[in-house]
Amino acid sequence: MRSTASAHPNIALVKYWGKRDERLILPHQSSLSVTLGPLSVTTTVEFDDRPGDDEVRINGQVAAGSERARVVELLGLVRKATKQKLGRARMVSVGDFPAAAGLASSAAAFAALAVAARTAAGLPRDTRAESILARRGSGSASRSVQGGFVRWNRGRRADGADSFGEQLFDAAHWPSLRLLVGMVSREEKEVKSRDGMRTTVETSPYYPAWAKDAEAEVARIVPFIRRRDLEAVGELAEKNAWRMHATAFAADPPLCYLKPETLAVIERCRELRKKGVGAWFTLDAGPNPVLLTSKADEAKVVKVLQQHGAREVVRCHPGGDVVVHPAER
Ligand code: PMV
């Protein structure tokens with residue numbers, strides 16, 4: 001009745017931005033990401049046989065409000081999925097990187113929670129079911145159950161049974177790829193993704209164009225990843241990030257996740273390329289750019305990031321699948 005699982009966050013190369021179903025967390029378009037090793041969130045879930053309130057601890061603090069509610073909802077879904085009679089749960093989650101700074105900590109957290117909770121409840125390992133469950137916590141978490149390059153299929157069904165993450169290439173496919181997170185700010189963002197995307201869907205006149213374009217870009221990027229073409233992947237990822245942010249700028253009220261330092265780093269990226277160093281940026285709903293580069297150029301890119309705005313650089317590479325800790329399997 002107890003299980004511990006660890007999951008990596010992910011960075012989308014073609015972003016998810018906007019839901020067609022708020023309750024089930026179903027997107028308007030497919031998206032595609034790379035799982036980020038070595039960062040991880042480790043979560044333990046233990047079910048009791050007695051009823052009572054679930055206990056939720058995140059990074060050493062007792063969780064409250066909507067943060068707690070999302071975890072409790074997911075635990076409730078696991079109780080429904082098993083024939084076993086499960087009482088209250090104790091959940092403890094610890095991440096090794098800052099939450100809510102534009103890095104998708106919620107993706108790793110809900111992927112680890114989904115797998116730990118299902119395993120603790122005695123359910124068999126099933127990546128599709130785990131991804132669908134993780135999705136109910138946070139959309140991008142559907143892409144963190146598996147490692148490497150994962151596509152979250154939009155799906156067509158109203159119940160969301162066909163909307164899950166699917167691994168296209170594992171982490172070993174492209175070991176020389178580097179994803180460098182330039183930490184220009186550690187502040188919590190003012191508008192969470194969940195609220196930002198709702199405002200965008202409801203008010204941005206560009207939203208329908210975004211959803212159509214992103215769906216097409218998911219199909220276009222797959223052969224680029226297959227042939228490990230950094231330039232083609234980088235160019236497409238940059239363009240897609242600009243388009244997501246442009247859609248958000250056009251919302252009412254407008255949403256701008258960029259800080260002056262973010263733009264400074266983006267500028268440096270262009271200069272690096274002029275000098276023959278392969279570096280491209282992508283940006284989630286936060287100020288910290290993630291630079292795509294190769295192992296060969298990593299040191300040069302890190303140096304430039306440090307010299308121009310980034311207080312810290314978190315070095316990542318394609319990471320693996322969720323791991324269930326052996327002692328508790
Ligand atoms: O899954 P959420 O609610 O954390 O939203 C993630 C949204 C982006 O990070 C901006 C894009 C993405 O696909 O991860």
Side-chain angles (χ1 to χ4, degrees), residues 3-7 9-10 16-27 39-48 50-81 86-118 120-121 130 132-144 160 185-203 248 251 253 255 257 284-288:
S3 174
T4 299
S6 297
N10 66 71
Y16 142 60
W17 195 249
K19 298 174 180 60
R20 67 178 197 275
D21 185 313
E22 291 272 339
R23 189 179 67 86
L24 295 176
I25 310 199
L26 298 175
L39 311 179
S40 70
V41 172
T42 296
T43 301
T44 300
V45 174
E46 184 167 15
F47 286 104
D48 210 305
R50 276 168 298 166
D53 285 346
D54 294 331
E55 193 186 314
V56 179
R57 276 187 167 270
I58 300 172
N59 291 328
Q61 311 251 357
V62 175
S66 65
E67 204 178 22
R68 179 177 188 277
R70 284 162 77 182
V71 174
V72 168
E73 191 191 337
L74 204 137
L75 293 167
L77 292 170
V78 172
R79 288 191 187 89
K80 270 194 209 146
L86 300 175
R88 65 183 176 194
R90 234 188 130 233
M91 190 221 78
V92 178
S93 180
V94 180
D96 60 9
F97 60 101
L103 275 171
S105 59
S106 64
F110 282 107
L113 171 62
V115 175
R118 277 181 54 95
E130 287 160 0
I132 287 174
L133 183 62
R135 191 199 76 215
R136 296 290 298 270
S138 159
S140 56
S142 67
R143 300 186 311 240
S144 266
S185 166
R186 273 181 178 270
E187 277 166 40
E188 294 240 349
K189 58 196 174 208
E190 273 167 42
V191 183
K192 290 200 184 323
S193 308
R194 188 166 286 226
D195 302 325
M197 59 179 91
R198 188 187 305 119
T199 307
T200 309
V201 173
E202 286 171 2
T203 65
L255 283 160
Y257 289 103
D284 275 351
N288 299 321

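Quantities reported herein were computed from a predicted structural model and do not represent experimental measurements. All residue numbers refer to positions in the sequence shown, counting from 1.
- Here the closest heavy-atom approach between residue Ser144 and residue Ala107 is recorded as CB-O, 3.7 Å.
- Ala7 and Ala112 make their closest contact through CB-N, 3.7 Å (heavy atoms, listed as atom of the first residue, atom of the second, distance).
- What you find for Gly87 and Phe47 is that their closest heavy atoms are O-CD2, 3.8 Å.
- Rounding to the nearest 0.5 Å gives a distance of 10.0 Å between CD of Glu67 and OG of Ser106.
- Considering Asp54, Thr44, Leu113 in turn, Leu113 is the only one that fulfils the side chain to side chain contact (heavy atoms under 4.5 Å, CB included) rule with Met91.
- With Tyr257 contributing its side chain and Val191 its backbone, the two residues share a donor-acceptor pair below 3.5 Å.
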field: Worked verdict on Val62 versus Arg68 for side-chain contact (heavy atoms from CB on, under 4.5 Å)
entry: CA-CA 9 Å; Val62 175; Arg68 179 177 188 277; over 6 Å; no
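- By the 4.0 Å N-to-carboxylate-O rule, Asp48 lies close enough to Arg88 to be salt-bridged with it.
- Salt bridge absent: Asp195 and Lys192 never bring a charged side-chain N and a carboxylate O closer than 4.0 Å.
- Salt bridge absent: Arg90 and Glu46 never bring a charged side-chain N and a carboxylate O closer than 4.0 Å.
- When all heavy atoms of Val94 and Asn59 are compared, the pair lying nearest together is CA-OD1, 3.4 Å.
- Counting heavy atoms from C-beta outward, Val201 and Arg20 have side chains that stay 4.5 Å or more apart.
- Of all non-hydrogen atoms in Val41 and Ala108, the two that sit nearest each other are CG2-CB, 3.6 Å.
- Atom CD1 of Ile25 is separated from atom CZ of Phe110 by 8.0 Å, given to the nearest 0.5 angstrom.
- Looking at Asn10, its side chain does come within 3.5 Å of a backbone N or O of Ser140 through a donor-acceptor pair.
- The minimum heavy-atom distance linking Thr200 with Ala248 is given by the pair OG1-CA, 4.0 Å.
- With contacts defined as side-chain heavy-atom distances shorter than 4.5 Å, the pair Leu133/Leu77 qualifies.
- Put simply, CZ on Arg194 and CD on Glu22 are 7.5 Å apart, with the number rounded to the nearest 0.5 Å.
- The NZ atom of Lys19 sits 8.0 Å away from atom OG of Ser193, with the distance rounded to the nearest 0.5 Å.
- In this structure a side-chain-to-backbone donor-acceptor pair under 3.5 Å is present from Asp21 to Arg23.
- The structure places OG of Ser142 at 12.5 Å from CZ of Arg136, a figure rounded to the nearest 0.5 Å.
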- request: Step by step, work out the side-chain contact (heavy atoms from CB on, under 4.5 Å) result for Arg135 and Leu26.
  value: CA-CA 8 Å; Arg135 191 199 76 215; Leu26 298 175; 3.5 Å; yes
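- The structure places CG of Leu39 at 6.0 Å from CG of Asp96, a figure rounded to the nearest 0.5 Å.
- In this structure the side chain of Thr43 never reaches within 4.5 angstrom of the side chain of Val92, judged on heavy atoms.
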